Amino acid sequence: MADPVSWLLIEPGWKVLAADGSGVGTVAEVTGEPEADIFDGLEITTGVLSKPRYVPAEQVGEIEEGTVHLSLTPAQVEQLGN
């Protein structure tokens, strides 16, 4: 397992994994206030034609170089934004 990194390093295109380790999308945008170190959440895309889904910071688990782990199941990710 890779070393955890700060939310400030997250970049668009990073893999997003559900709580079970399955891939659920990629990072589209990171929201927050870097100057105050306040992380609000992520917008993720789950497919080529899907609209971005917002994931609140409270649902983001471990962050590793290139990968963001969520505390949500794949079914819960599908319900985001609905």
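Just so you know, these numbers come straight off a predicted model, no measurement behind them.
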Flag side-chain contact, heavy atom, 4.5 Å: [X] against [Y]:
X: V16; Y: T46; answer: no
X: F39; Y: V30; answer: yes
X: E62; Y: E64; answer: yes
X: I10; Y: L42; answer: yes
X: L17; Y: V24; answer: no
X: S6; Y: I63; answer: no
X: E65; Y: V5; answer: yes

query: Regarding T26 and T45, is there a side-chain donor-to-acceptor distance under 3.5 Å anywhere?
result: yes

message: In this structure, would L9 and V55 fall into the same cluster of hydrophobic residues linked by side-chain contacts under 4.5 Å?
response: yes

Supply the atom-to-atom distance [X] [atom1] to [Y] [atom2], rounded to the nearest 0.5 angstrom.
X: E43; Y: K51; atom1: CD; atom2: NZ; value: 10.5 Å
X: K15; Y: H69; atom1: NZ; atom2: NE2; value: 8.0 Å
X: E58; Y: L70; atom1: CD; atom2: CG; value: 12.5 Å

Give the minimum heavy-atom separation between [X] and [Y], together with the two atoms involved.
X: R53; Y: L80; result: NH1-O, 3.1 Å
X: S71; Y: A19; result: C-CB, 3.9 Å
X: D40; Y: G32; result: OD2-CA, 3.6 Å

message: Going by side-chain contact (heavy atoms from CB on, under 4.5 Å), name the residues that satisfy it together with T73, two or more places apart in sequence or in a different chain.
response: A75, Q76

message: Does anything in residues 30-39 form a side-chain hydrogen bond (donor to acceptor under 3.5 Å, both in side chains)? List the pairs, not counting sequence neighbours.
response: W7-D37

